[in-house]
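A, B, ... follow the sequence lines: proteins, then strands. Residue 1 opens every chain.
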Amino acid sequence: MATALSTAAPGQSVRSTERVVRAKRSTPFSYATLIIVSAVLCVPLVFVISIALSSDQTVNANTFTIIPREFHWENFTRVFGTELPMQRFLLNSVIISAGAVAGQVLSSGLVGYAFARLRAPGKNALFIIVIATMMIPSQITMIPQFLLFKELGWVNTYLPLIVPNFFSNAFNVFLVRQFVSRLPSEIDEAAMVDGLGFFGIYRRIMLPMLAPVLIAIGIFTLTATWGDFMGPLIYLNDESKMPLALGVQYITSTSQALQAPPWNLVMVGSILLTLPMILVYYLGQRYLYEMDISGGSAGVK
Amino acid sequence: MLRRREALWFYLFASPWIIGFVVFLLGPMIASVYISLTDWDSFTAPKWVGLDNYVRLLTDDPIFWKALWNTFYYAAVSVPLGLVIGLWLANLLNKGVRLRKLFRTLIYLPTLVPLVATAMIFKMVLAPSGPLNDALGLFGIPGPSWLLESVWVKPALILLSVWGAGGATVLLLAAMKGIPRELYEAAEVDGAGPVRQFWSITVPQLTPIIFFNLIMGLIGAFQVFSQVYILTKGGPDNASQTMVPLLFNEAFSFYHMGYASAISWLLFAVILVFTLIAFRTARRWVFYETEVK
């Protein structure tokens with residue numbers, strides 16, 4: 001049994017064991033339930049596609065159907081131009097997210113490594129503070145931070161959304177520290193004997209090994225900033241500076257009272273907002289699962 | 001000598017976090033305490049009012065109490081409901097179903113949709129003539145105007161949150177795979193049926209991950225913002241007003257910086273109390289293998 005478990009991922013052996021133990025439990029009822037649940041969960045997504053492909057007349061008459069009836073693919077190109085500045089929103093999203101990801105990845109690796117490996121007086125006390133700060137809701141600092149950035153003249157620029165990321169956050173520091181702690185310390189010692197300094201060890205030995213955890217941090221940061229609504233809502237006023245998440249909402253809230261928002265184009269925007277997340281999930285899921293499970297359960301225990 | 005050099009490097013490496021902690025957290029926290037004790041519109045000089053903001057919030061602001069109640073209601077229903085559904089789906093998927101990967105993906109898909117897009121989608125799904133009411137119509141039930149009726153607006157927001165229950169499913173499913181198969185085989189030999197196995201093996205083995213989801217879910221639910229702000233702006237009649245949108249409005253629509261800061265500290269207090277309660281009770285129901293070994 002033990003061998004069967006250890007070859008769980010690639011082997012066929014577990015498959016067959018599983019079948020012996022569980023085969024009688026997968027009933028038609030389970031399938032029916034799964035099919036119904038999946039269908040219900042996917043209805044809103046099909047509906048979005050249907051609305052995105054609707055004509056303006058359908059929008060005005062509010063006669064949408066769940067299954068697409070009309071196929072106005074030109075809606076997907078109409079949003080890039082003068083009608084809606086979706087290209088601008090997208091570019092803004094990319095700038096803000098790229099800045100945030102770069103900031104978190106650069107800083108979390110350094111700080112996490114320091115907490116895991118380097119010895120210094122006061123380190124343990126500092127680490128307790130790192131853990132404690134995870135409990136503080138961001139709303140506590142929201143107003144003073146806004147006032148600070150206003151003093152600096154950074155309101156209505158990307159800076160408040162990017163710069164704080166260069167100072168890392170507690171959760172990411174914790175993730176890196178956990179990851180480094182699991183690496184054998186003989187690696188650093190050998191490098192030190194070879195004459196590398198602390199930065200050399202970090203740069204040449206640690207950084208390559210940290211790749212999985214840094215990729216996971218990059219994905220977490222990207223997902224958080226790409227879909228972030230509150231931050232841009234607080235700091236950005238000009239339509240030309242808004243990221244997609246705010247821009248899409250902005251379009252619906254600014255249309256005239258008598259005139260319905262261009263729902264078909266709004267849904268194209270929602271699809272554009274969602275697609276990168278699906279792509280990131282698809283490409284990055286193996287890193288996420290590793291981090292989620294080990295990081296998660298470690299945090300609770 | 002080497003020791004001192006190492007310590008120096010530690011502080012150099014950790015400086016991004018240390019500076020960030022002082023500038024973006026500690027400093028703002030102290031400022032927030034001070035601001036919460038003043039009456040301040042952020043344009044003219046702040047006026048010291050002591051605990052007035054807190055007293056007014058707790059004794060003289062019906063909207064605050066309504067928002068607090070709504071936040072509790074939302075957290076108390078959406079978090080357990082999401083967990084139960086997540087657990088149920090994970091258990092279904094964990095049986096030897098074919099096409100498990102496909103079902104898992106379909107169930108997880110809604111979780112990948114950014115909140116703003118989710119809100120846009122549900123604005124249409126929950127419209128009086130939207131697909132949800134159409135579906136209810138098939139059963140002869142006249143659906144309500146979800147987002148426009150004070151009785152139905154909270155259930156509508158909970159529905160939106162349940163749509164993302166697949167996030168918990170994936171986590172729970174991964175944890176289920178880690179449960180030693182011997183436990184089930186032993187139970188089978190002892191004559192335990194699937195239901196008994198679920199309650200006596202699966203659930204206890206999953207309690208650490210259920211607990212983690214519960215804590216994260218509660219903290220997230222107490223801070224719900226985007227959905228409320230985009231879909232209802234807290235209406236109708238504050239029936240969907242929750243703590244963070246209320247705080248946001250006080251700060252950035254009315255420029256009541258002091259009052260809003262006081263709300264943020266009360267929000268912190270609420271989250272802290274609930275997290276502590278959860279950790280306190282955890283000892284009784286969260287099962288760690290290490291305790292048995």
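Using modelled atom types, no side-chain atom of Tyr281(A) and backbone atom of Tyr108(B) make a donor-acceptor pair closer than 3.5 Å. In this structure, the side chain of Glu6(B) does not engage the main chain of Ala120(A) through any donor-acceptor pair within 3.5 Å.
Residue contact with chain B, scored on non-hydrogen atoms closer than 4.5 Å, is absent for Leu275(A). Using a 4.5 Å cut-off between heavy atoms, Ile271(A) makes no contact with chain B at all. Interface remark: Leu99(B) contributes no atoms to any contact with chain A (heavy atom separation under 4.5 Å). Neither the backbone nor the side chain of Ile215(B) comes within less than 4.5 Å of any heavy atom of chain A. Neither the backbone nor the side chain of Val280(A) comes within contact range of chain B; no heavy atoms are under 4.5 Å apart. Interface remark: Tyr202(A) contributes side-chain atoms only to the contact with chain B (heavy atom separation under 4.5 Å). With a 4.5 angstrom heavy-atom cutoff, Met230(A) touches chain B via backbone and side-chain atoms both. For chain B, the nearby parts of Lys123(A) are the backbone and the side chain; heavy atoms of each come within less than 4.5 Å. At a 4.5 Å heavy-atom cutoff, the contact between Phe149(A) and chain B is made by side-chain atoms alone. Contacts between Ile121(B) and chain A at a heavy-atom distance below 4.5 Å involve backbone atoms as well as side-chain atoms. When heavy atoms are compared at a cutoff of 4.5 Å, Val37(A) approaches chain B solely by way of its side chain, counted from C-beta outward.
Side chains of Ile271(B) and Met135(A) form no contact here, defined as non-hydrogen atoms less than 4.5 Å apart. Taking the side chain as every heavy atom from C-beta outward, Leu45(A) and Leu109(B) approach each other to under 4.5 Å. Ile219(B) is not listed as a side-chain neighbour of Pro137(A), based on a closest heavy-atom distance of 4.5 Å or more. Trp163(B) is not listed as a side-chain neighbour of Val40(A), based on a closest heavy-atom distance of 4.5 Å or more. Leu110(A) places none of its side-chain heavy atoms less than 4.5 Å from the side chain of Leu12(B). Looking at heavy atoms from C-beta onward, Pro114(B) lies in side-chain contact with Met277(A) at the 4.5 angstrom threshold. Using a 4.5 Å heavy-atom cutoff, the side chains of Gln139(A) and Met243(B) are not in contact. For the pair Val113(B)/Val48(A), no side-chain contact is recorded, criterion being any heavy-atom separation below 4.5 Å from C-beta on.
More than 12 non-hydrogen atoms from other residues, nucleotides or ligands lie less than 6.0 angstrom from CZ of Phe43(B).
Shortest non-hydrogen contact noted between Ser129(B) and Asn62(A) is OG-ND2, 4.3 Å.
Checking each of Leu147(A), Thr141(A), Ile140(A) against Ser32(B) for a side-chain contact (heavy atoms from CB on, under 4.5 Å) leaves exactly one that passes, namely Ile140(A).
Between Phe10(B) and Phe198(A), the distance from one ring center to the other does not fall under 6.0 angstrom. Taking the six-membered ring for Trp, Phe115(A) and Phe13(B) have ring centres at least 6.0 Å apart. Taking the six-membered ring for Trp, Phe167(A) and Phe21(B) have ring centres at least 6.0 Å apart.
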